[in-house]
Amino acid sequence: MDQRTWFPKQIIADQVFSKDDLESMWNAIDWADVRESVFRQQCDIARAALEGDGAGISRLQDELVNSDDAKALAVWEVVHRKSRATPGVDGVVWETPAQRMSAALHLNNEGYESLPLLRFFIPKESGKLRPIGIPTMHDRAMQMLYNFALQPVAETWGDPHSFGYRLFRSAKDACAAIRSFLAGEQGDDIWVLDADITGCFDNIRHDWLLKHIPVSRDYLRQVLKSGYIHESRYFRTSRGIPQGGIISPVLANMTLDGLEPRLMKAFSRPVDTTDDRQAAGAGLRYVRYADDFVVLSSARGVLEEAWDEINAFLKPRGLTLSDEKTRIVSVRHGFTFLHWRFRKEGSDIPVRPSDGSVHHMRQILKELFGSRPFSNPDELIQQFNPLLRGYAFYHRDVEAGELFRSLDECIREKILALLSCWFPNESRESLEGRFFSCGEGGLPVFNTTTQSLYLLTETPLRMHQGLEPNLNAFLDRDRLMHREEQGDPLDRAVYRERIKSREEGRKYGVPEYW
């Protein structure tokens, strides 16, 4: 720890163009053309990665990070994130088109020095605190720029069954991969290694990253060694990647990529006799979402060996499995992953929202009705619909019908209690007749003259179709886009709400997964 106080240098204003010139330049940018130009460059990088052309990757990355289109798009992405009004240690935010254009013109790596992160802590579900680092706007844009260059490599080299922070992939794809494996295995005697990496983001070794991540070493060193400011004091960083950094999810994914093929190579050996199953390990499935992963097998002994193999893979990276939280359990007893509870019961594979997910949703409802961030029925509906649609969207592919009915009943009772406070002179029967009508399924729906509250029970349930694991987000974009466009009105509504919340700089009603 450095005991000195950090005094960041002031950013010098652009002296080349007038503010009017800069504003006109920014407003004249054709963003569709810019995105297509950057995408074409990313496709070239993905092809080089597919061919294993290291020199080609480096050359094409340099061309991308030095292109005007990529620089402008990096700034655009930063100023359209919900953190756009949050400054780093320099106190600077880019509010006007002129400031954004000036930032794009200055976005290069000549003499670039990353400023320290501004650190604060947010509570985790466990009650502990998670450290979050806020880079300066300029550093965020630089991370986005290099993220454009690194992501095609990460997507091309990524493990087939890695689904977290990947383009066109989701937690639902991870769920479908697990269900597919369980459905294909005979009998109930299936085991799962439920893995937990100790402090993944905080402990990745810098020397391993600098040696193995195919991106500018000088730039990567700046990101890793920038340190952070907490309570006006500067702290150095000797390991780990910044939680909250734009490029951090890609770095974390690439750190763990390679584990799936290593396990498949180690344990996919021929099985000659029944006794050999315990040592050979027929039927293995690895599924990862960010740093959370499970390994499934029909033989417990295989998973015990896999535990050691995983630790051997993680050790050079500075990581290890938690002995306290990592466990091997029978699928007959069930396990929780990505806020779903999986069990195998004969030929049936019931998957339901986890107890933690249900508790979390009920707590949100309790807090909303307690704090009342609305003053009338219309505002209540506007506040709740994104939350309810998001929750229904996430859990619609599993056995959630009973939970949805329970939550609808809970919400109805709380709304009636609230209406009694708003309209104390009306009876419960009068309020029910005034604000509730019969829905498609015969259940009461809360509505006003202009809108209706989303009813979880009327959510069309369906089975999510799993992703072909070898599709490339850049080279197979048309096929993946076609898959995305097959969604129903609920899919489109959730997508629109997420885009709107991002553009307005506010937090969406539900996290990426529950």
Q) Tell me, do Leu263 and Ile310 make a side-chain contact under 4.5 Å, heavy atoms counted? A) yes
(Q) For a quick test of reading the model, state the closest non-hydrogen atom pair linking Val153 to Gln61 and the distance between them. (A) CG2-NE2, 3.9 Å
Q. Roughly how far, to the nearest 0.5 Å, is CG of Leu22 from CG of Asn27?
A. 11.0 Å
Q) Is the closest side-chain heavy-atom distance between Leu365 and Leu407 below 4.5 Å? A) yes
Q. Looking at residues at least two apart in the chain, or sitting in another chain, which of them share a side chain to side chain donor-acceptor pair (under 3.5 Å) with Trp208?
A. His212
Q: Kindly say whether Leu209 contributes a backbone atom to a donor-acceptor pair with the side chain of Thr255 at under 3.5 angstrom?
A: no
(Q) Show me the pairs that pass salt bridge (Lys or Arg N to Asp or Glu O under 4.0 Å) and involve residues 247-258, at least two apart or across chains. (A) Asp257-Arg288
**Q.** CG (Asn311) with more than 12 external heavy atoms under 6.0 Å
**A.** yes
Q.
Is it the case that over 12 heavy atoms from other parts of the model lie below 6.0 angstrom from the CG atom of Asp68?
A. no
Q. Any idea which heavy atoms bring Ser216 and Tyr146 closest together, and the distance?
A. CB-CE2, 3.9 Å
Q | Aromatic ring proximity Phe384/Tyr391, centre distance under 6.0 Å | A | no
Q | Pair listing, salt bridge (Lys or Arg N to Asp or Glu O under 4.0 Å) test, anchored in residues 134-155, at least two apart | A | Glu155-Arg166
Q) Looking at side-chain heavy atoms only, is the closest gap between Leu471 and Phe168 below 4.5 Å? A) no
Q. Does the side chain of Gln383 reach to within under 4.5 Å of the side chain of Pro373, using non-hydrogen atoms?
A. yes
Q. With respect to Pro97, which candidate in Glu23, Lys19, Met25 satisfies the side chain to side chain contact (heavy atoms under 4.5 Å, CB included) definition?
A. Glu23
Q. Any donor and acceptor pair, going by atom type alone, linking the side chain of Ser58 with main-chain N or O of Ala55 inside 3.5 Å?
A. no
Q. Do you know which of Asn253, Ile204, Ile241, Asn147 makes side chain to side chain contact (heavy atoms under 4.5 Å, CB included) with Ser248?
A. Ile241
**Q.** Leu403 to Arg362 - nearest heavy-atom pair and separation
**A.** CD1-NH2, 4.5 Å
Q) Does a donor on one side chain and an acceptor on the other come within less than 3.5 Å for Ser375 and Glu379? A) yes
Q: Taking all heavy atoms of Val223 and all of Pro242, pick out the closest pair and write down the distance.
A: CG1-CG, 4.3 Å
Q.
Is there a salt bridge (charged side-chain N to carboxylate O under 4.0 Å, His left out) between Glu468 and Arg479? Walk through the geometry before answering.
A. CA-CA 10 Å; Glu468 293 180 48; Arg479 291 178 62 186; 2.8 Å; yes
**Q.** Test side chain to side chain donor-acceptor pair (under 3.5 Å) applied to Asn385 - qualifying residues, sequence neighbours left out
**A.** none
(Q) Counting the benzene-type ring for Trp, do Tyr112 and His138 have ring centres under 6.0 Å apart? (A) yes
Q: Tell me, please, whether Tyr228 has Arg119 positioned over its six-membered ring: NZ or CZ under 6.0 Å from the ring centre and within 45 degrees of its axis?
A: yes
Q: Identify, with sequence neighbours excluded, every residue that meets side chain to side chain donor-acceptor pair (under 3.5 Å) alongside Glu231.
A: none
Q) So do the side chains of His161 and Phe293 get within less than 4.5 Å of each other, counting heavy atoms only? A) no
(Q) How long is the straight-line distance from CD1 of Ile381 back to OG of Ser452, given to the nearest 0.5 Å? (A) 6.5 Å
Q.
I'd like to know if the side chain of Ser102 and the backbone of Ala98 have a donor-acceptor N/O pair within less than 3.5 Å.
A. no
Q: Using a 4.5 Å cut-off on heavy atoms from C-beta on, say whether the side chain of Asp355 contacts that of Arg341.
A: no
Q) Of the non-hydrogen atoms in Pro116 and Ile229, which two are nearest, and what is the gap between them? A) CB-CG1, 3.9 Å
Q.
Taking the basic N atoms (NZ, or NE/NH1/NH2) and the acidic carboxylate oxygens, is any pair closer than 4.0 Å for Asp69 and Arg40?
A. no
Q) Below 4.0 angstrom, N of the basic side chain to O of the carboxylate: do Arg81 and Glu77 qualify? A) no
Q) Taking Ser180 for the side chain and Ala176 for the main chain, is one N or O donor matched with an acceptor at less than 3.5 Å? A) no
Q) Is a side-chain N or O of Ser67 found less than 3.5 angstrom from the main chain of Ala70, in a donor-acceptor match? A) yes
Q: Return yes if some donor-acceptor pair links the side-chain N/O of Arg169 with the main-chain N/O of Ser162 below 3.5 Å, else return no.
A: yes
Q) Given the rule in the side-chain contact (heavy atoms from CB on, under 4.5 Å) test, do Leu220 and Leu251 qualify, once you have shown the distances and angles that lead to the verdict? A) CA-CA 10 Å; Leu220 185 57; Leu251 295 177; 4.1 Å; yes
Q: Quick one: which residue pairs count as a salt bridge (Lys or Arg N to Asp or Glu O under 4.0 Å) with a foot in residues 205-230, not counting sequence neighbours?
A: Arg205-Asp207, Asp218-Arg221
**Q.** side-chain contact (heavy atoms from CB on, under 4.5 Å) between Val78 and Gln143, worked out
**A.** CA-CA 10 Å; Val78 167; Gln143 287 196 31; over 6 Å; no
Q. Hey, does Leu50 have a side-chain heavy atom less than 4.5 Å from the side chain of Asn472?
A. no
Q: Any chance you could measure Leu64, atom CG, to Ser37, atom OG, to the nearest 0.5 Å?
A: 8.0 Å
(Q) If the test is side chain to side chain contact (heavy atoms under 4.5 Å, CB included), which one of Asn66, Leu107, Ile246 qualifies with Leu145? (A) Leu107
Q: Tell me yes or no: between the side chains of Ser357 and His395, is some donor less than 3.5 Å from an acceptor?
A: yes
Q: For the pair His206 (side chain) and Gly240 (backbone), establish whether a donor and an acceptor sit closer than 3.5 Å, ignoring hydrogens and angles.
A: yes
Q) Which distance, rounded to the nearest 0.5 Å, do you find between the CD1 of Ile122 and the CG of Leu129? A) 9.0 Å
(Q) Is it the case that the side chain of Arg100 and the backbone of Trp94 share a donor-acceptor pair, with hydrogens and angles ignored and the cut-off at 3.5 Å? (A) yes
(Q) Tell me the closest heavy-atom pair linking Ala400 and Pro353, and the distance in Å. (A) CB-CG, 4.0 Å
Q: Check Ile197, Asn203, Thr198 against Thr320 for a side chain to side chain contact (heavy atoms under 4.5 Å, CB included) and give me the one that passes.
A: Thr198
**Q.** Note, Ile45 side chain near Phe474 side chain (heavy atom, < 4.5 Å)
**A.** no
Q. CE/Met264 to OH/Tyr286 distance, rounded to the nearest 0.5 angstrom?
A. 9.5 Å
Q.
Rounded at 0.5 Å granularity, tell me how far CG in Asp159 sits from CG in Leu256.
A. 8.5 Å
Q: Verify the distance criterion only: is there a donor paired with an acceptor across the side chains of Ser114 and Tyr219 at less than 3.5 Å?
A: no
Q. Angle class for the Phe342/Trp340 ring planes (parallel below 30°, perpendicular above 60°, tilted otherwise)?
A. perpendicular
(Q) With salt bridge (charged side-chain N to carboxylate O under 4.0 Å, His left out) as the criterion, how do Asp62 and Arg59 come out once you've worked through the C-alpha distance, each side chain's angles and the decisive distance to 0.1 Å? (A) CA-CA 5 Å; Asp62 286 343; Arg59 176 179 55 82; over 6 Å; no
